[in-house]
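Take a look at the structure set out below.
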Amino acid sequence: LLGSGALLRSSSSFAAPPPATHVDTQIELEHPSGTTVTAHIRSPRLPAGRRLPVVMVFGGFQEAPQVLEAVRSTRPIIVATFDYPYGGERKLTFVQVVKDALKLRRMVREVTPLIGTLTARLKERDDVDASRLVLLGASFGAPFAIYAAAQGNGNYLVLIHGFADV
């Protein structure tokens with residue numbers, strides 16, 4: 001019923017998808033208080049033995065996988081991030097900040113040590129160039145990136161639109 005050309009055209013929809021250009025991994029990070037977060041790491045699919053710079057991204061309250069999707073680079077880099085250990089509302093109003101003040105205070109005290117743990121875990125990887133660790137703080141993540149840099153967690157610091165709407 002169908003000519004051979006139609007069969008070939010329709011069979012192209014069954015072709016295998018192109019190979020992924022990157023590998024996404026997750027690692028668990030634990031704070032001494034017992035709080036755990038999942039770090040999301042995206043690395044390009046490259047031959048073994050190559051060491052790459054790392055950009056650790058800390059921003060507002062976006063979900064970590066969304067952060068990885070937003071980062072684009074013309075050169076191969078590893079990108080890492082994690083969600084803040086805060087289970088409250090992601091769109092904070094003044095009333096919400098007052099209501100969740102103790103949760104937010106705990107979160108602030110836990111984030112920087114968790115960045116230190118992430119840094120240490122990244123340095124253990126064979127594909128990481130430990131001399132090129134970048135802390136990128138955007139919006140609500142800017143203060144965390146500054147403090148983490150002051151603690152020696154990175155070789156470079158980038159700030160974008162800092163300090164939320166404070």
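Numbering starts at 1 and runs along the sequence shown. No experiment lies behind these values; they were computed from the predicted model shown.
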Within a strict 4.5 Å, meaning less than it, do heavy atoms of the V54 and M56 side chains meet? yes
Got a sec, which residues hit side chain to side chain contact (heavy atoms under 4.5 Å, CB included) with V55, two or more places apart in sequence or on another chain? V57, I77, V134, L136
Under the side-chain hydrogen bond (donor to acceptor under 3.5 Å, both in side chains) rule, collect the residues that match up with S43, sequence neighbours excluded. R125
Any P113 side-chain heavy atom under 4.5 Å of Q151 side chain: no
Could you check whether any side-chain heavy atom of T21 comes within less than 4.5 Å of a side-chain heavy atom of P44, counting everything from C-beta outward? no
Going from CZ on F58 to CD1 on I115, what distance comes out if it is rounded to the nearest 0.5 angstrom? 4.0 Å
Identify the two heavy atoms, one from G116 and one from N153, that lie closest to each other, and give their separation to 0.1 Å. CA-OD1, 3.3 Å
Rounding to 0.5 Å, atoms NE2 (H22) and CG (D24) come to a distance of 4.5 Å
Just do the side-chain contact (heavy atoms from CB on, under 4.5 Å) check on R121 and T119 with the steps written out, would you? CA-CA 5 Å; R121 297 282 299 274; T119 302; over 6 Å; no
Does the side chain of I41 come within less than 4.5 Å of L122's, by heavy atoms? yes
L133 vs K123, side-chain contact (heavy atoms from CB on, under 4.5 Å): CA-CA, chis, key distance, verdict: CA-CA 9 Å; L133 299 175; K123 286 180 176 180; 3.4 Å; yes
Mind listing the closest non-hydrogen atom pair of A142 and L159 along with its distance? O-CD2, 3.8 Å
If two hydrophobic side chains count as joined below 4.5 Å and joins carry through other members, does L135 share a cluster with Y147? no
Using the test side-chain hydrogen bond (donor to acceptor under 3.5 Å, both in side chains), find all partners of H31 that sit at least two apart in sequence or belong to another chain. S33
So do the side chains of T36 and L29 get within less than 4.5 Å of each other, counting heavy atoms only? no
For D129, all residues meeting side-chain hydrogen bond (donor to acceptor under 3.5 Å, both in side chains), sequence neighbours excluded: S131, R132
With E28, which residues qualify under side-chain hydrogen bond (donor to acceptor under 3.5 Å, both in side chains), at least two apart? T38
Any pair counted as salt bridge (charged side-chain N to carboxylate O under 4.0 Å, His left out), so long as it reaches residues 140-160, sequence neighbours left out: none
When you measure from the side chain of R51 to the backbone N and O of D127, does any donor-acceptor pair fall under 3.5 Å? no
